[in-house]
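To start, the structure itself, in structure tokens.
Quick note: numbers below take in every heavy atom, side chains included, and nothing from hydrogens, waters or symmetry partners. In listed order, ligands and their atoms are each counted from 1.
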Amino acid sequence: MDKFIINGGAALKGEIEVSGAKNASLALLPATILAPGKSTLRNTPELNDVFTMIKLVNHMGAEVDFSDHILSIDTSNIKLQTAPYEHVKKMRASVYVLGPLLSRYGSAKVSLPGGCAWGPRPINLHLEGLKKMGADIDLVDGYIVAKAKRLNGVNIYFDIPSVGATGNILMASVLAKGTTVISNAAIEPEITNLGEFLIKMGAKIDGSGTNTLTIEGVDELHPAEVDTIPDRIEAGTLLIATAITSGKVKLTNIDKSLLQTVLLKLESAGCDIKINSNGLGLDAANLEINPTNISTAVFPGFPTDMQAQWTVFMSLANGTSSVRDTIYFDRFKHVPELVRLGADITVNENIAIIKGVKNLNGAKVMSTDLRASASLVLGGIAAKGNTEVLRVYHLDRGYQRIDEKLKHLGADIKRVAGDEF
Ligand code: EPZ
């Protein structure tokens, strides 16, 4: 397993392009199953969760060509409607194939996702929605076995505006008989990108981008092409990498509307944000970090996927701040590792209290999950001395070669293969 060796302290400078959004690709890829033929997903990021999803659709019989960020997929010869445990255990987002398989083939056998470093992360809203649409759902030997001659359009209200459940039910409804209304739907940009793609495939969807989606089921869809939106979480992570090192960086291929709340919080912390035609810049030269509290929320609130990165940023603030995660109450596995870097953080239930320290000091730290490991890298590039971040396969799941991007901006970071951990 690879590790990163980081010699901290360099202020990041320069310009970098933001890659396509992982969490858009992980919905767009399964959506191509809904229509036989060749679809094209442009601006697809080259990262491991996408490769895992490709392996899963290959297993089913789809043919994929993926080069230079253009992913084309031919779903004409899908033979298997199954998502085995060995794929799903690596990536919970595999459950996104449930809706499309059920829609197009009337049957699906998808492994239950299993555990996650933090959670619980149930999928009851996905299953209850499909059942309401007329699917027979059984749990057999750790698998979801679903059957439906043809799903029926119904009114569905989500108690929680779940991103995954909205995506799955949206993909289940586009070929259903009649009209489906999804109320309290997620409005994350990745779901709006999915809606855009489905409409290009011939789906009839009203309200895309709002909390109420009205879908008129059609008899068939056709392949289409779509641009994957930029990754707002990668952009936010790179902005905090710049701020925490008092750097000055310009991001291209990102739109401010994707991360408004993060930008407002960065300004509250003392950063100077400049918006320009094809991106935005952050200038943190001589930054004295103001302690700035955050509480995560669904879009357009502060993303839970940016919580760990904000926590390490506030560990160097001039005072005490709080970070509350209202989406996942126990997404704080990064805190003990940040404390090894010298941070002063205590967690009580779903709130971290962070007392700013003068500086962090390099140490050996262990990645536990994707965004936790991102916060360790941010700590390492800001710390005095050397930091080793172990098990960076977690990072490679959700970022396209982030070590190379940080090195391009001046960070002293190198990847070492084959670590014994
Ligand atoms: C998506 O996960 C993202 N993953 C996550 O990003 C992100 O953290 C999450 O949305 C929240 O924004 C992908 O898009 C692939 P949810 P998802 O369903 O769909 C509860 C990353 O780092 N819930 O919106 O699984 C759930 O427990 C990853 O890129 C139910 O109770 O998230 C949580 O408290 C990590 N029942 C809340 O809803 C359900 O059936 C939000 O979960 C589904 C969810």
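Arg401 and Glu46 are joined by a salt bridge, as a carboxylate oxygen and a charged side-chain nitrogen come within less than 4.0 angstrom of each other. Between Asp136 and Lys147 there is no salt bridge, since no side-chain nitrogen of the basic residue lies less than 4.0 Å from a carboxylate oxygen of the acidic one.
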*Given the rule in the side chain to side chain donor-acceptor pair (under 3.5 Å) test, do Ser19 and Lys405 qualify, once you have shown the distances and angles that lead to the verdict?*
CA-CA 10 Å; Ser19 299; Lys405 291 192 174 182; 2.5 Å; yes
*Could you check Gln307 against Tyr328 for side-chain contact (heavy atoms from CB on, under 4.5 Å), going step by step and ending with a plain yes or no?*
CA-CA 10 Å; Gln307 181 261 99; Tyr328 296 109; over 6 Å; no
*Kindly determine whether Asp325 and Arg331 satisfy salt bridge (Lys or Arg N to Asp or Glu O under 4.0 Å), including the steps that lead there.*
CA-CA 7 Å; Asp325 203 323; Arg331 196 178 186 173; 5.0 Å; no
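Among all protein heavy atoms, the one lying closest to atom 6 (O) of ligand 1 is Asp305 OD2, 2.9 Å. Remark: minimum distance from atom 9 (C) of ligand 1 to any protein heavy atom is reached at Tyr328 OH, 3.6 Å. Protein heavy atom at the shortest distance from atom 3 (C) of ligand 1 is Asn23 ND2, 3.7 Å. For atom 25 (O) of ligand 1, the nearest protein heavy atom (residue, atom name, distance) is Arg121 NH2, 3.2 Å. The protein heavy-atom contact nearest to atom 34 (O) of ligand 1 is Ile327 O, 2.8 Å. Counting protein heavy atoms only, atom 18 (O) of ligand 1 is closest to Ser162 OG, 2.7 Å. The protein atom (non-hydrogen) at minimum distance from atom 22 (O) of ligand 1 is Arg371 NE, 2.9 Å. If you check which protein heavy atom lies closest to atom 19 (O) of ligand 1, you get Gly164 N, 2.8 Å.
The ligand atoms of ligand 1 that sit less than 4.0 angstrom from a heavy atom of Ile123 are 39 (C), 40 (O). Counting the atoms of ligand 1 from 1 in the order shown, those under 4.0 Å from a heavy atom of His126 are 40 (O). Those atoms of ligand 1 that come under 4.0 Å of a heavy atom in Lys22, given as number and element, are 21 (C), 29 (O).
Ring pair Phe302/Trp310 is perpendicular by interplanar angle, where above 60° counts as perpendicular and below 30° as parallel.
Between the side chain of Asn348 and the backbone N or O of Ile351, no donor-acceptor pair lies under 3.5 Å.
Within the structure, the salt bridge (charged side-chain N to carboxylate O under 4.0 Å, His left out) test picks out the following pairs touching residues 148-157 (sequence neighbours left out): Arg150-Asp219.
At a heavy-atom cutoff of 4.0 Å, ligand 1 is contacted by no atom of Glu190, backbone or side chain. Contact annotation for Ile160 and ligand 1: only side-chain heavy atoms (C-beta onward) come within less than 4.0 Å of the ligand. Heavy atoms of Leu125 found under 4.0 angstrom from ligand 1 belong to the backbone as well as the side chain.
You'll find the side chain of Pro113 reaches within 4.5 Å of the side chain of Ile123, heavy atoms only.
Selection from Asp325, Ile191, Ile233, Val163 by nearest heavy atom to atom 16 (P) of ligand 1 gives Val163. Of all the listed residues (Ala297, Pro122, Ala165), Pro122 holds the heavy atom that lies closest to atom 44 (C) of ligand 1.
For Asp255, there are no salt bridge (charged side-chain N to carboxylate O under 4.0 Å, His left out) partners two or more places apart in sequence or in a different chain.
By the 6.0 Å and 45° rule, Arg371 stacks over the aromatic ring of Tyr399.
Under the 4.0 angstrom criterion for non-hydrogen atoms, Arg331 is in contact with ligand 1.
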